[in-house]
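Convention: sequence-line order gives letters A, B, ...; per-chain numbering from 1. Computed from a prediction, not measured in an experiment: that's the story for all the values here.
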Amino acid sequence: MVPPELDPIDERVGPQSGLNRCMQCGKCTASCPAAFIFEGFSPRDIMLRAMKGEIESLVMGEELWQCAQCLSCAARCPRDCSPAGVIQALRIVALRSNPNIDHMRMIEDGVKVNLMKTGQTILPDTLVLPNDLLGPRTRKRYKASAKHRRELGYRAEDSRRVEIPEEDLEKIRILLRETDYC
Amino acid sequence: MYATVPKDMPKDDYYLLKSCQAGSWYPGIEKSLRYVLSTIDANFLDDPKQSSCIGCANHIGVTPFLPIVALNARNISLASLSGKRNVVCNCPTCYSNLKDCKNILDGSSAMRDRALKAMEKAGLEYNDSITITHVSEAYLANLDRIKAKAKYSLKGIRAVTHHGCHYAKIYYRDVASGNFERPTVIDDVLSGLGAEVVDYPERSLCCGLGFHHIMLSPDYTRAVTRRKYSGIIEADPDLLVTMCAGCTLSLDMCQEKVLQELGHKKDIPVVNISELMAILLGADPYLVAGIDLHGVPVEPLLEKIGVEGTR
Ligand code: SF4
Ligand code: SF4
């Protein structure tokens, strides 16, 4: 794990973020569906702590992952701040610094494998819906989706009808390596 | 309230930016999109070289921004050099993410320099002469052509709409109709085709997907879809129309259980705008629009519209 420090080239914590001008009015929190549901979650509070430089406590906390990235906070902020963008940048720091978020690192690894293999972020088997969100009829229909996918001419293992040509995949892999991602 | 900045909506010469979410969950959305553009004789390119935009991993917060900017520098350049320079996004997250990347690449910053250096290493040159729109805007721009070729109308159908947050709330000044609090792009398309579009409370609320939430914190998805549907059932619609595969997934797959809990007996078919346009233009609802992949059966809507041959 590396010490939690903001990435100086990440513009989401630069001047556009609003970390120099948030006035703590709370309009973001009032607009936030995650604040409505998760007790204690507040984009206004995240802005305050980030402005005070409390990066370590922010990246170690669970609340960073409770934001649903709906961007209501940024759209409604009277000072054009983006708590959502600050949260995105902090999440990347947390992945390197917080030992307790292996479940997020699993998603990180899954996305990397998908991108290197196919040039896609999401593949048909990347997201599996939890059974208890689905009613009985929906569950049955959801189970049959692989079959209906084939009827439409799409394969089970790719989100693309026509895969990306190999020589282009090679370029994509170079870009991912040259940006220190893979 | 922000005034809507009128913007040119390109009517033709589209570069189709395919969505990995749509391709994974509702491939019928993508098939429908191609069907609609072909049927109205719009020129478009479906380029297999285009990569994913990585927008969803960007929001989940599991992929740093730099590789995302680099990969989209390539996508933007592909479109610029293709002769089809109006990038039309199937997914609102692709739409806003691509705009974010284009802004970085057209500015000056360390992020831009590093992304372009990676492009150089890959033997690619950055080239930007594109416009970026969402496919619903392309339908609005081509409403006359769609109306002229439509086999069915939405007359007598009560519809509600849900615009993706990443369409309305990120580039909120660019919303093509209405404003970010009350975007009306889909509304305009539907009413142009005869539907009665009705309002409901919580129109601008998130769909409940939240990317990783639907898997890791389903309590969020459950609570938000419940809040959303509490408003929708007040309007008692025949149909809910979306513009995003992710919103479709959450609102469609969670509906049965939520409506049961709310004591609402009537299904509300959830269809993506592309699927609906294709069906109205005469596409096979099963083999093009892929309605079997939906959680809520779409057949009751098709019967109301008068589409024959439903199973
Ligand atoms: S709405 Fe804007 S200014 Fe107000 S607390 Fe939130 S981020 Fe700060
Ligand atoms: S983006 Fe996150 S913090 Fe902002 S309003 Fe939506 S859920 Fe809340």
Would you check, one step at a time, whether the test side chain to side chain contact (heavy atoms under 4.5 Å, CB included) holds for A:L127 with B:W25?
-> CA-CA 9 Å; A:L127 184 143; B:W25 307 331; 3.9 Å; yes
Begin from the C-alpha positions of A:R141 and B:D252 and carry the test side chain to side chain contact (heavy atoms under 4.5 Å, CB included) through to its verdict.
-> CA-CA 11 Å; A:R141 291 174 69 92; B:D252 177 35; over 6 Å; no
Side chain to side chain contact (heavy atoms under 4.5 Å, CB included) assessment of B:Y286 paired with A:H148 | CA-CA 9 Å; B:Y286 299 95; A:H148 296 307; over 6 Å; no
Start with the C-alpha distance between B:S24 and A:T126, add both sets of side-chain angles, then the distance that settles side chain to side chain contact (heavy atoms under 4.5 Å, CB included), and finish with yes or no.
-> CA-CA 9 Å; B:S24 291; A:T126 304; over 6 Å; no
Determine, stepwise, if the pair B:R114 / A:D180 fulfils salt bridge (charged side-chain N to carboxylate O under 4.0 Å, His left out).
-> CA-CA 10 Å; B:R114 289 213 48 198; A:D180 302 331; 3.0 Å; yes
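B:D46 touches chain A through its side chain: at least one heavy atom from C-beta onward sits under 4.5 Å away, while N, CA, C and O do not. In this structure, chain A has heavy atoms under 4.5 Å from both the backbone and the side chain of B:Q50. The parts of B:C254 that come within reach of chain A are both its backbone and its side chain, each placing non-hydrogen atoms under 4.5 angstrom from that chain. Only the side chain of B:S217 comes within less than 4.5 Å of a heavy atom of chain A; its backbone N, CA, C and O stay farther away. Using a 4.5 Å cut-off between heavy atoms, B:Y26 makes no contact with chain A at all. For chain B, the nearby parts of A:P136 are the backbone and the side chain; heavy atoms of each come within less than 4.5 Å. Neither the backbone nor the side chain of B:I68 comes within contact range of chain A; no heavy atom of the residue lies under 4.5 Å from a heavy atom of that chain. For B:L216, the part lying near chain A is the side chain, with the backbone staying farther off; criterion is any non-hydrogen pair under 4.5 Å. With a 4.5 Å cut-off on non-hydrogen atoms, A:L95 touches chain B through its side chain but not through its backbone. Both the backbone and the side chain of B:I54 come within contact range of chain A, with heavy atoms under 4.5 Å apart. Contacts of B:V258 with chain A are absent, with no heavy-atom separation under 4.5 Å from either backbone or side chain. For B:H59, the parts lying under 4.5 angstrom from a heavy atom of chain A are both the backbone and the side chain. Interface remark: A:R177 contributes no atoms to any contact with chain B (heavy atom separation under 4.5 Å). For B:D267, the part lying under 4.5 angstrom from a heavy atom of chain A is the side chain only. Within the 4.5 angstrom heavy-atom criterion, only side-chain atoms of B:R34, from C-beta onward, approach chain A.
From A:S145, atom OG reaches atom CE of B:M253 across 6.5 Å, with rounding to the nearest 0.5 Å. Annotation: the span from A:I164 atom CD1 to B:K18 atom NZ amounts to 8.0 Å, rounded to 0.5 Å. The CZ atom of B:F180 lies 8.5 Å from the OG atom of A:S72; values are rounded to the nearest 0.5 Å. Distance check: A:D168 CG to B:D47 CG gives 7.5 Å after rounding to the nearest 0.5 Å. Here A:F38 contributes atom CZ and B:H213 contributes atom NE2; the two are 4.5 Å apart, rounded to the nearest 0.5 Å.
Comparing B:M111, B:Q21, B:K117 by heavy-atom pairs within less than 4.5 Å of chain A, the highest count is held by B:M111. Among B:M119, B:Q255, B:R227, B:Q260, the residue with the largest count of heavy-atom pairs under 4.5 Å with chain A is B:R227.
Taking 4.5 Å as the limit, some side-chain heavy atom of A:P33 sits within range of a side-chain heavy atom of B:L205. Contact of the A:D132 side chain with the B:R222 side chain is registered, since non-hydrogen atoms from C-beta on lie closer than 4.5 Å. A heavy-atom distance below 4.5 Å is found between the side chains of B:I60 and A:M104.
Considering every non-hydrogen atom in both A:L175 and B:A70, the closest pair reads CD1-O, 3.8 Å. Closest approach of B:K169 to A:A75, counting heavy atoms only: O-CB, 3.5 Å. Taking each heavy atom of A:L133 and B:P218 in turn, the nearest pair found is CD2-O, 3.9 Å. Among all heavy-atom pairs drawn from A:I92 and B:G61, the shortest one is CD1-O, 3.4 Å. Closest approach of A:L152 to B:P27, counting heavy atoms only: CD1-CG, 3.9 Å. Residues B:S204 and A:R76 approach most closely at OG-NH2, 3.6 Å, considering heavy atoms.
Judged by distance alone, with hydrogens and angles left aside, the side-chain atoms of A:E178 form no donor-acceptor pair with the main-chain N or O of B:K121 at under 3.5 Å. In terms of modelled atom types and a separation under 3.5 Å, the side chain of A:R161 and the main chain of B:G23 share no donor-acceptor contact. Of the possible donor and acceptor atoms, one in the side chain of B:H166 sits under 3.5 Å from a partner among the backbone N and O of A:Q69.
B:H212 and A:W65 have perpendicular rings, their planes meeting at more than 60° on a 0 to 90° scale where under 30° would count as parallel.
Taking a cutoff of 4.0 Å between a charged side-chain nitrogen and a carboxylate oxygen, A:K147 and B:D292 do not qualify as a salt bridge.
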